[in-house]
Amino acid sequence: MNQIARSHLIMFLFALSFLVPSIEASEGDADPIYKTCLEDCEKGGCVGEMCFQHCKFSSDGKPIDGPWYLQEPLYQKWKQWDCRSDCRYHCMIAREEQRWKLGGKPIKYHGKWPFQRVYAIQEPAAVAFSAISLAIQFHGWLSFFILLNYKLPLRPDKKTYYEYTGLFHIYAILAMNFWFWSAVCHTRDVELTEKLDYSSAVALVGFSFILTILRTFDVRDEASRVMVAAPLIAFVMTHILYLNFYKLDYGLNTKVCMAMGVANLLIWGVWAGITSHPSRWKVWLFNVGGTIALLLEIYDFPPYKGFIDAHALWHAANIPLAYISWSFVRDDAVFRTSTLLKKTK
């Protein structure tokens, strides 16, 4: 292993060392002013001068004029903002304004930073960045498809020479699926959208790990591919079932995804250090950007002006990373096709 690869390994082990469990309570939950505001809102339906129709109850405890979701227009029902969630949000914003005037820093409420909603979208910056990443993934996959099927030569049976074509098609589907559900979850994080987001994330990272092993170790035999993929697929599926049917554990899911992500970067880093691939510099560029993105997930900080926090910046960092990764995949397809054509002559 050369000096660059060794330095790269040390850098990733440093990042991995921060993946230890941390216990961090939400200060906002225990704040007496916030708790009082929440109790008053759920009883009276108002936070200051702002009142909510679906927080008004009759003497028997039922909402006036029926359930809250029947009181809103059809185009607004997708929000699923009920009395409790609206009270939590507006009490949180009111309390944060008080804290800001007193020179206090933002704190978490119910495990999350205080974000400013925009048209009922909880985290507008993360949603926007997720949507852009989805578009970049689609563009990358489409350009990859066009390159293989219309620009590069095909085998006599009309199949591509590139041995990893099918695997990258699957990767594209999983990547677009993840960024779609990421945008949905950051728009409104109810239990269903969180499960879909977390499950999609671990499925993408898990398959990326499999693809990394198969490509860097040049595993082309189908039986060998199955032997590599089977235990990893079993692990990922078990973890997804755990999240959906036992416990929706955000901390555990983050650790699992980050562990596989760090392993991905380590393997690609070592491969780039020993290979003579003409586009290996793109792997180095991706790994440096990937390391920065991982650090954004580790070093959490409150949202600036209530909109952009470390996680939103992680979403933003994935936009150029997606472009770089697909650029390398296209170069790899050209390189492998050219190599195989030379061997057949």
From Arg88 atom CZ to Cys37 atom SG, the distance as rounded to the nearest 0.5 Å
12.5 Å
Please determine whether side-chain hydrogen bond (donor to acceptor under 3.5 Å, both in side chains) holds for the pair Glu297 and His311, giving the CA-CA distance in whole Å, both sets of side-chain angles, and the decisive distance to 0.1 Å.
CA-CA 6 Å; Glu297 284 289 86; His311 187 66; 2.9 Å; yes
Locate the shortest heavy-atom distance separating Ala203 from Val236; write the atom from each residue and the value.
CA-CG1, 4.1 Å
Using modelled atom types and a 3.5 Å cut-off, is there a donor and acceptor pairing between side-chain atoms of Ser338 and backbone atoms of Val334?
no
Below 30° counts as parallel, above 60° as perpendicular, anything between as tilted: where do the rings of His277 and Phe335 land?
tilted
Is the shortest side-chain heavy-atom distance between Asn318 and Trp314 below 4.5 Å?
yes
Would you mind listing every side-chain hydrogen bond (donor to acceptor under 3.5 Å, both in side chains) that reaches into residues 234-243, with sequence neighbours excluded?
His239-Asn253
Give the C-alpha distance, both sets of side-chain angles, the deciding distance and a yes or no for side-chain contact (heavy atoms from CB on, under 4.5 Å) between Arg95 and Lys35.
CA-CA 10 Å; Arg95 180 60 181 134; Lys35 292 172 69 175; over 6 Å; no
Report the residue from Phe286, Phe328, Trp284 that forms a ring pair (Phe, Tyr, Trp, His ring centres under 6.0 Å) with Trp268.
Phe328
Identify the heavy atoms of Leu154 and Lys158 that sit nearest to each other, and give their distance.
CD1-O, 3.9 Å
Can you confirm whether Ile267 sits close enough to Phe209 that some side-chain heavy atom of one is under 4.5 Å from a side-chain heavy atom of the other?
yes
Applying salt bridge (charged side-chain N to carboxylate O under 4.0 Å, His left out) to Asp332 and Arg215, what does each step give before you reach the verdict?
CA-CA 10 Å; Asp332 190 46; Arg215 177 60 191 93; 2.8 Å; yes
Applying side chain to side chain donor-acceptor pair (under 3.5 Å) between Asn264 and each of Asn287, Thr212, Thr216, report the one that passes.
Thr212
Joint cluster assignment, Tyr109 & Leu102, ILVMFWY side-chain distance < 4.5 Å
no
Can you find a pair of side-chain heavy atoms, one from Asp197 and one from Phe178, that are under 4.5 Å apart?
yes
With a 4.0 Å cut-off on N to O distance, would you call Lys195 and Glu191 a salt bridge?
yes
Carefully, step by step, assess Asp249 and Lys255 under the rule salt bridge (charged side-chain N to carboxylate O under 4.0 Å, His left out).
CA-CA 10 Å; Asp249 192 328; Lys255 292 180 178 67; over 6 Å; no
Would you compute the distance between atom CG of Asp86 and atom SG of Cys51 and round it to the nearest 0.5 angstrom?
11.5 Å
After noting the C-alpha distance and the side-chain angles of Ser200 and Met176, does the key distance pass the side-chain contact (heavy atoms from CB on, under 4.5 Å) rule?
CA-CA 10 Å; Ser200 300; Met176 288 185 284; over 6 Å; no
Under 2.5 Å between the SG atoms of Cys41 and Cys87: is that the case?
yes
Taking C-beta and beyond as the side chain, do Tyr250 and Thr254 meet within less than 4.5 Å on heavy atoms?
yes
Can you list the steps and then say if Glu163 with Thr165 is a side-chain contact (heavy atoms from CB on, under 4.5 Å)?
CA-CA 6 Å; Glu163 310 98 321; Thr165 300; over 6 Å; no
Report yes or no: is the cationic atom of Arg336 (NZ for Lys, CZ for Arg) under 6.0 Å from the centre of the six-membered ring of Tyr164, at an angle within 45° of the ring normal?
no
Can you list every side-chain hydrogen bond (donor to acceptor under 3.5 Å, both in side chains) pair that touches residues 129-141, not counting sequence neighbours?
Ser130-Ser182, Ser130-His315, Gln137-Trp326, Trp141-His169
For side-chain contact (heavy atoms from CB on, under 4.5 Å), just list the numbers for Tyr162 and Leu340, CA-CA rounded to whole Å, side-chain angles, deciding distance to a tenth of an Å, and then say yes or no.
CA-CA 9 Å; Tyr162 190 49; Leu340 290 172; over 6 Å; no
Regarding Ser143 and Arg330, do their side chains bring together a donor and an acceptor under 3.5 Å, going by distance alone?
yes
Shortest non-hydrogen pair, Pro106 vs Glu96, comes out as CA-OE1, 3.1 Å
Distance-only, no hydrogens or angles: does the Thr275 side chain make a donor-acceptor pair with backbone N or O of Ala272 under 3.5 Å?
no
CD1 of Ile233 to CD1 of Ile210: how many Å apart, nearest 0.5 Å?
4.5 Å
Single-linkage hydrophobic cluster Ile146~Phe144, side-chain heavy atoms < 4.5 angstrom
yes
Test of understanding: clusters of I, L, V, M, F, W, Y form through side-chain heavy atoms closer than 4.5 Å, transitively. Do Tyr198 and Phe245 belong to the same one?
no
To the nearest 0.5 Å, what is the distance between OG1 on Thr160 and CG on Leu148?
5.5 Å
I need the full list of salt bridge (charged side-chain N to carboxylate O under 4.0 Å, His left out) pairs touching residues 262-291, with sequence neighbours left out, sorted by first then second residue.
Lys282-Asp331
Are the side chains of His90 and Arg117 in contact, using a 4.5 Å heavy-atom criterion?
yes
If you group Ile, Leu, Val, Met, Phe, Trp and Tyr by side-chain heavy-atom gaps below 4.5 Å, do Leu241 and Val202 land in one group?
no
Distance (rounded to the nearest 0.5 Å) between Gln122 CD and Phe115 CZ:
9.5 Å
Evaluate the side-chain proximity of Val256 to Leu252: yes if any heavy-atom separation is below 4.5 Å, no if none is.
yes
Could you go through the side-chain hydrogen bond (donor to acceptor under 3.5 Å, both in side chains) check for Ser199 and Asn244 one step at a time?
CA-CA 8 Å; Ser199 300; Asn244 284 273; 2.8 Å; yes
Roughly how far, to the nearest 0.5 Å, is the NE2 atom of His186 from the CD1 atom of Ile121?
12.5 Å
Counting neighbours of CZ on Phe301 that are heavy atoms of other residues, nucleotides or ligands and sit closer than 6.0 Å, is the number greater than 12?
yes
Find out whether Val127 and Val118 are in side-chain contact, i.e. whether some heavy atom of one side chain is under 4.5 Å from a heavy atom of the other.
no
Determine the minimum heavy-atom distance between Ala293 and Ala317, stating which atoms define it.
CB-CB, 4.2 Å
4.5 Å side-chain heavy-atom contact, Leu204 and Tyr171
yes
Can Leu321 be reached from Leu265 by stepping across I, L, V, M, F, W or Y side chains whose heavy atoms are under 4.5 Å apart?
yes
